[in-house]
Amino acid sequence: MSVVTRFPPSPTGHLHLGGARTALFNFLFARHNKGKFILRFEDTDKERSREEYVESIKEALLWLGLNWDEGPYFQSKRLDLYQEFAKGLYEEGKAYYCECSKEELEAKKKAQMEKGLKPRYDGTCREKGLSPGPGRALRIKIPEDISEILFEDLLRGKIVFPPDEVDDFIIFRSDGTPTYQFAVVIDDITMGITHVIRGDDHISNTPKQLMIYKALGAKPPAFAHIPMVLGPDGARLSKRHGARSILEYREEGYLPQAVVNYLARLGWGYGDQEYFTLEELIEKFDLARVNLSPARFDPEKMLAFNAYWIKTLDTAEILKNLKPFLKNYPLERYSEEYLIAILEGVKPRVKTLKEMAEMIDFYLLEEIEPDENAREKYLTEKIKPLFVKLISDMDSLSFENEKKLEEEFRALAEESGVKLKELAQAVRVALTGKTISPPLFEVMKLLGKERVKRRLERALNFIT
RNA sequence: GCCCCCAUCGUCUAGUGGACUAGGAUACUGGCCUCUCACGCCAGAGACACGGGUUCGAAUCCCGUUGGGGGCGCCA
């Protein structure tokens with residue numbers, strides 16, 4: 001039997017790290033087993049579901065490289081199907097209509113909780129034999145003779161629930177829409193899902209779903225409940241830590257490779273290996289190596305992974321990802337080769353693409369505005385004569401050869417009684433406007449004689 | 001309250017009864033490299049939650065305690 005997995009987000013918010021990791025694991029498991037990965041939107045909550053979230057979730061998935069093989073399906077477009085299954089259960093006497101009001105149910109639940117009991121439906125309408133009608137919800141009729149409810153989790157082994165775990169819960173709302181519990185089961189059955197890989201917050205939902213499978217006489221899929229992703233403080237992921245949209249990370253200058261790699265390592269390990277490409281993950285991913293305990297999201301480590309992939313990936317690939325951050329520069333003036341040469345020098349110096357774009361601005365702009373503090377500190381009277389000499393000797397400098405250029409600078413510094421360090425910093429500020437930059441002689445080479453000369457001349461004005 | 005899941009450095013993890021003086025990554029500290037800042041390299045500090053068992057032997061198996069997480073919707 002070939003493997004079929006699915007990722008079923010509800011379009012009530014953006015895709016965040018937790019959801020992305022669930023999607024990733026489903027994707028990896030399917031691809032590893034040469035199976036199919038299905039995308040399905042669980043949008044039965046009409047109040048909260050929004051089209052814009054459908055789009056942003058799809059975009060985020062695609063950006064991460066998690067292409068689905070089938071779908072996206074929408075539960076909202078499959079109502080007929082759910083109704084058909086529900087009708088079947090009702091006609092077989094495996095479900096019944098209930099006319100209890102929400103208020104009544106709420107009050108009963110509260111009373112039960114106060115008595116220390118597990119809140120469960122008391123069966124008021126169970127034997128009333130009600131027919132379908134307005135304001136009536138359909139409840140599943142849980143057999144009285146069930147003993148314990150159990151299933152075999154792929155990661156955790158046998159999980160057992162006491163028989164009173166499940167009550168006659170609602171499978172179809174009085175407004176004619178299916179509840180989550182019912183829709184997932186029908187979808188998973190009809191889509192031929194073989195493996196349900198989801199957060200362990202769904203463990204306690206599983207008994208309910210198993211009762212639906214049983215009522216339908218269908219064989220449940222295999223379940224693998226993966227641990228949840230927690231915020232840095234150990235609390236559930238919320239807006240203020242990790243629950244930001246995946247797309248926000250893209251905007252902050254993260255590489256999809258880094259996010260995927262980091263996410264894969266949250267709750268999964270492969271010996272001492274830390275860095276994986278998507279292809280490698282597909283090859284090596286294995287449910288048996290998934291951890292059981294919840295993992296905290298550590299922004300610092302994800303940043304470090306991003307820095308690693310920025311300096312490791314092909315520069316052409318980096319450039320492709322960097323371009324959106326270069327909107328404000330006259331890119332058309334520069335060749336692809338030139339841009340790549342520039343990037344080589346900054347790759348090991350930045351942690352995000354955003355930082356990268358900022359660091360290379362002096363290469364792309366015609367004029368730069370040296371930082372005020374840097375100017376005061378390094379563009380001093382003392383180095384003024386050196387600048388003058390550099391400008392007049394410009395034509396004799398070995399721009400094309402970084403090593404030689406460095407020697408020439410050393411000689412100049414020595415004969416003027418200045419440390420190379422002082423000279424270099426002054427020139428760096430004049431050329432880049434910053435005290436931090438790629439190696440100076442690389443900068444000069446890439447900037448070219450003309451721009452170097454102009455910037456040194458301009459810097460002289462700042463000194464006087 | 002009831003039910004379920006989980007437990008190795010701060011964090012992510014390796015570890016599947018002897019190879020553990022518990023390994024790697026990240027973060028942190030010190031050093032080297034050096035025209036700046038990074039990268040890189042070297043070194044350091046840092047963990048098996050606790051208590052009982054089982055066993056010749058336990059981070060690894062069992063039980064309990066504690067701690068953390070999740071669920072108990074006409075949300076998903």
Side-chain angles (χ1 to χ4, degrees), chain A residues 8-10 12 42-45 47-49 75 98 100-102 105-106 109 112-120 135-139 153 156 159-162 164-167 169-175 177-181 183-184 199-207 225 227-228 230 232 234-236 262 265-275 288-289 291-305 307-308 311 345-351 359 378 406 409-410 413 419-429 432 434-441 443:
Chain A
S10 67
T12 53
E42 311 215 320
D43 57 348
T44 55
D45 184 344
E47 296 299 309
R48 299 192 299 145
S49 295
Q75 291 189 328
C98 167
C100 297
S101 72
K102 286 180 190 177
L105 294 171
E106 196 55 44
K109 178 173 145 190
Q112 285 168 327
M113 289 273 254
E114 275 165 9
K115 272 191 270 176
L117 297 170
K118 198 174 176 66
R120 56 199 322 273
R136 290 177 182 173
L138 186 65
R139 286 182 184 275
D153 187 274
R156 299 158 205 265
I159 296 182
V160 185
F161 293 88
D164 65 349
E165 174 66 18
V166 179
D167 66 352
F169 61 96
I170 292 172
I171 57 177
F172 239 85
R173 302 185 186 102
S174 51
D175 70 356
T177 59
T179 58
Y180 160 76
Q181 307 287 4
V184 226
D200 65 17
D201 50 334
H202 284 281
I203 290 181
S204 22
N205 280 327
T206 310
H225 290 97
M228 308 193 59
L230 271 26
R236 189 176 197 167
Y262 177 71
R265 289 286 292 104
L266 262 192
W268 179 81
Y270 190 82
D272 281 343
Q273 186 174 349
E274 293 288 342
Y275 304 112
R289 302 191 71 96
N291 254 283
L292 266 35
S293 46
R296 297 188 190 199
F297 165 59
D298 179 2
E300 298 230 43
K301 189 154 183 177
M302 188 159 94
L303 227 207
F305 271 58
Y308 172 84
K311 63 177 180 255
V346 295
K347 277 169 79 176
R349 293 180 159 71
V350 296
K351 288 178 155 52
M359 187 171 266
Y378 295 105
E406 179 173 346
F409 261 66
R410 280 186 192 286
K419 283 182 185 160
L420 175 63
K421 192 168 182 166
E422 296 175 73
L423 210 210
Q425 277 306 78
V427 175
R428 187 188 312 283
V429 170
T432 70
K434 313 176 213 287
T435 55
I436 294 173
S437 85
L440 185 62
F441 308 110
V443 167

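Quick note on labels: first sequence line is chain A, next is B, and so on, each numbered from 1.
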Inset, instruction - Please tell me which of A:Asp43 and A:Arg156 maps to the more 5' nucleotide of RNA chain B, matching each residue to the nucleotide holding its nearest heavy atom. - result: A:Arg156
Inset, instruction - Could you let me know what B:rG40 is paired to, Watson-Crick or G-U wobble, both distances under 3.5 Å, or none if it's on its own? - result: B:rC32
Inset, instruction - Just name whichever nucleotide pairs with B:rU16, Watson-Crick or G-U, keeping both distances under 3.5 Å, else none. - result: none
Inset, instruction - Could you work out the separation of B:rC6 and B:rA59 based on their C1' atoms and round it to a whole Å? - result: 16 Å
Legend entry - By side chain to side chain contact (heavy atoms under 4.5 Å, CB included) - contacts of A:Ser293 (at least two apart): A:Asn291
Legend entry - Same-atom distance (P) from B:rG15 to B:rC20, integer angstrom: 15 Å
Legend entry - Counterpart base for B:rC2, defined by Watson-Crick or G-U wobble contacts under 3.5 Å: B:rG71
Inset, instruction - Give one of base, sugar-phosphate or nothing for A:Arg139, where a contact means two heavy atoms less than 4.0 Å apart. - result: nothing
Inset, instruction - Pick base, sugar-phosphate or nothing for A:Lys347, based on heavy-atom distances below 4.0 Å to the nucleic acid. - result: nothing
Inset, instruction - Give one of base, sugar-phosphate or nothing for A:Met228, where a contact means two heavy atoms less than 4.0 Å apart. - result: sugar-phosphate
Inset, instruction - Would you grab the first and last nucleotide of RNA chain B (5' to 3') that comes under 4.0 Å of any non-hydrogen atom in chain A? - result: B:rG1 to B:rA76
Inset, instruction - For B:rG23 and B:rG46, measure between their P atoms and round to the nearest Å. - result: 12 Å
Inset, instruction - Determine the contact category for A:Gln181: base if any of its heavy atoms lies under 4.0 Å from a base atom, sugar-phosphate if only primed atoms, P, OP1 or OP2 are that close, otherwise nothing. - result: base
Inset, instruction - Select base, sugar-phosphate, or nothing to describe what A:Ile203 touches, counting heavy atoms under 4.0 Å on all strands. - result: sugar-phosphate
Legend entry - Closest heavy-atom pair and its distance - A:Tyr262, A:Arg296: OH-O, 3.9 Å
Inset, instruction - Pick base, sugar-phosphate or nothing for A:Val160, based on heavy-atom distances below 4.0 Å to the nucleic acid. - result: sugar-phosphate
Legend entry - Qualifying residues under side chain to side chain contact (heavy atoms under 4.5 Å, CB included), relative to A:Pro207, sequence neighbours excluded: A:Ile149, A:Phe161, A:Glu165, A:Val166
Inset, instruction - Take atom P in B:rA25 and the same atom in B:rU65, then report the distance between them in whole Å. - result: 39 Å
Legend entry - Watson-Crick or G-U counterpart of B:rA76, or none if no pair lies under 3.5 Å: none
Legend entry - Atom pair NZ (A:Lys351) and CD (A:Glu300), whose distance is rounded to the nearest 0.5 Å: 9.0 Å
Inset, instruction - Please answer whether the main-chain N or O of A:Gly269 pairs with a side-chain N or O of A:Arg289 as donor and acceptor at a distance below 3.5 Å. - result: yes
Inset, instruction - Would you mind classifying the nucleic acid contact of A:Pro162 as base, sugar-phosphate or nothing, using non-hydrogen atoms under 4.0 angstrom? - result: sugar-phosphate
Inset, instruction - Please state the P separation for the pair B:rG17 and B:rC74 - nearest whole angstrom. - result: 46 Å
Inset, instruction - With sequence neighbours left out, write down each residue that passes salt bridge (charged side-chain N to carboxylate O under 4.0 Å, His left out) with A:Asp200, or none if nothing qualifies. - result: A:Arg156
Inset, instruction - Just call it for A:Pro207: base, sugar-phosphate, or nothing, with non-hydrogen atoms closer than 4.0 Å on any strand. - result: nothing
Inset, instruction - Would you classify A:Phe409 as touching base, sugar-phosphate or nothing, given that sugar-phosphate means primed atoms plus P, OP1 and OP2, and contacts are heavy atoms under 4.0 Å? - result: nothing
Inset, instruction - Identify, with sequence neighbours excluded, every residue that meets side chain to side chain contact (heavy atoms under 4.5 Å, CB included) alongside A:Leu440. - result: A:Phe409, A:Ala424, A:Val427, A:Arg428, A:Leu431, A:Met444
Inset, instruction - Describe the nucleic acid contact of A:Asn205 in one word from base, sugar-phosphate, nothing, applying a heavy-atom distance below 4.0 Å. - result: base
Legend entry - Watson-Crick or G-U wobble mate for B:rC50, both contacts under 3.5 Å: B:rG64
Inset, instruction - Please work out if A:Leu423 contacts a base, only the sugar-phosphate, or nothing of the nucleic acid, heavy-atom cut-off 4.0 Å. - result: nothing
Legend entry - Between B:rG10 and B:rG68 - C1' atom distance, rounded Å: 16 Å
Legend entry - Test side chain to side chain contact (heavy atoms under 4.5 Å, CB included) applied to A:Gln181 - qualifying residues, sequence neighbours left out: A:Phe169, A:Thr179, A:Asn205, A:Lys208, A:Gln209, A:Ile212
Inset, instruction - Looking at every strand, decide which applies to A:Gly199 at a 4.0 Å heavy-atom threshold: base, sugar-phosphate, or nothing. - result: nothing
Inset, instruction - Report which part of the nucleic acid A:Arg48 touches: base, sugar-phosphate, or nothing (heavy-atom distance under 4.0 Å, all strands). - result: base
Legend entry - First encountered from the 5' end of RNA chain B, between A:Asp298 and A:Arg349: A:Asp298
Inset, instruction - Could you give the distance separating B:rA14 and B:rG70 at their C1' atoms, to the nearest angstrom? - result: 27 Å
Inset, instruction - Select base, sugar-phosphate, or nothing to describe what A:Thr44 touches, counting heavy atoms under 4.0 Å on all strands. - result: sugar-phosphate
Inset, instruction - For B:rA58 and B:rC63, measure between their C1' atoms and round to the nearest Å. - result: 15 Å
Inset, instruction - Please indicate whether A:Tyr270 has more than 12 foreign heavy atoms, meaning atoms of other residues, nucleotides or ligands, lying under 6.0 Å from its OH. - result: no
